[in-house]
> 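Quick one: this structure, given as structure tokens, is what I'll be asking you about.
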Amino acid sequence: MSDLRELYQEVILDHHRSPRNFRRLEGANKSAEGFNPLCGDHVWLYAKVEDGVLRDIGFQGSGCAISTASASMMTESLKGKTEAQAEALFERFHDLVTGKPHDAARAPDLGKLAVFAGVREYPVRVKCATLAWHTLRAALHERHETVATE
Ligand code: ZN
């Protein structure tokens with residue numbers, strides 16, 4: 001577990017220092033705003049969806065290292081995926097950080113997102129880790145009110 005914890009900290013700090021896809025996306029046709037009042041994390045998500053595929057994703061905002069790293073890694077993981085694949089990955093990620101068991105045979109591979117298993121040790125951080133995902137989901141479903149985790 002300590003190796004995973006080290007990797008978790010290393011990856012999160014790296015994405016916090018230099019977040020990927022940290023920009024307002026030109027030509028985005030889906031967007032949403034998310035806020036986590038428990039921690040003060042604030043995120044804007046932008047996506048360009050064509051024929052059900054997430055061609056590009058960007059985000060902006062400010063928040064703690066975990067919320068920023070999670071948004072950054074989410075944009076990397078979902079670029080080029082279909083909306084259905086994104087939904088499946090969201091559910092798998094949510095199970096991971098909340099420590100829920102899953103059906104490994106049916107669940108999609110999390111890839112690098114697996115380091116977020118470390119969040120289970122810090123339950124108060126689950127909302128930080130899932131904020132960008134909830135916000136992206138709201139954008140894809142075209143819900144325009146601000147997503148709040150509370
Ligand atoms: Zn946070």
Side-chain angles (χ1 to χ4, degrees), residues 1-26 28-49 54-81 83-102 107-150:
M1 198 63 202
S2 71
D3 284 355
L4 182 62
R5 189 178 299 147
E6 266 170 41
L7 179 65
Y8 165 71
Q9 283 166 353
E10 196 176 298
V11 169
I12 283 175
L13 286 177
D14 174 47
H15 279 264
H16 178 55
R17 272 193 296 261
S18 47
R20 322 302 197 263
N21 304 302
F22 191 79
R23 65 186 192 283
R24 190 190 177 99
L25 203 65
E26 289 298 319
N29 54 4
K30 311 266 184 184
S31 65
E33 177 185 3
F35 183 53
N36 172 18
L38 274 185
C39 180
D41 308 315
H42 208 163
V43 67
W44 282 264
L45 240 296
Y46 308 97
K48 188 175 181 184
V49 180
L54 281 76
R55 299 281 180 209
D56 207 355
I57 316 179
F59 78 102
Q60 287 190 309
S62 62
C64 66
I66 290 175
S67 70
T68 304
S70 173
S72 172
M73 290 179 74
M74 180 190 78
T75 59
E76 279 195 320
S77 299
L78 294 186
K79 212 182 274 193
K81 296 271 198 297
E83 290 187 73
Q85 287 170 329
E87 190 78 23
L89 207 54
F90 170 86
E91 282 174 19
R92 177 71 189 88
F93 183 79
H94 199 269
D95 288 349
L96 175 82
V97 297
T98 54
K100 268 206 319 207
H102 66 280
D109 183 16
L110 283 168
K112 286 190 291 183
L113 293 169
V115 298
F116 278 91
V119 170
R120 273 183 299 208
E121 295 188 37
Y122 313 96
V124 73
R125 293 296 183 193
V126 168
K127 287 177 172 25
C128 303
T130 55
L131 176 66
W133 292 82
H134 283 295
T135 307
L136 177 74
R137 202 185 216 184
L140 295 179
H141 292 243
E142 309 215 8
R143 292 195 302 263
H144 294 297
E145 70 273 24
T146 301
V147 178
T149 53
E150 279 300 289

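Any value given below was found using the heavy atoms of this structure, including those in side chains, with hydrogens, waters and symmetry copies removed. When a ligand or atom number is given, it counts from 1 through the structure's own listing order.
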> Given 3.5 Å as the limit, does a donor-acceptor pair link the side chain of Thr75 with the main chain of Ser72, or not?
yes

> Does any pair with a residue in residues 62-75 pass salt bridge (charged side-chain N to carboxylate O under 4.0 Å, His left out), and if so which ones, sequence neighbours excluded?
none

> Give a yes or no on whether the backbone of Ala129 and the side-chain of Ser70 come within a donor-acceptor separation of less than 3.5 Å.
yes

> Under 4.5 Å between any side-chain heavy atoms of Phe59 and Trp44, yes or no?
no

> Check salt bridge (Lys or Arg N to Asp or Glu O under 4.0 Å) between Arg24 and all other residues, then give those that pass, not counting sequence neighbours.
none

> Return all protein N, O or S atoms below 2.8 Å from the Zn ion (ligand 1), chain by chain in residue order.
Cys39 SG, Asp41 OD1, Asp41 OD2, Cys64 SG, Cys128 SG

> Can you sort out the partners of Lys30 under salt bridge (Lys or Arg N to Asp or Glu O under 4.0 Å), two or more places apart, ordered by chain and number?
Glu142

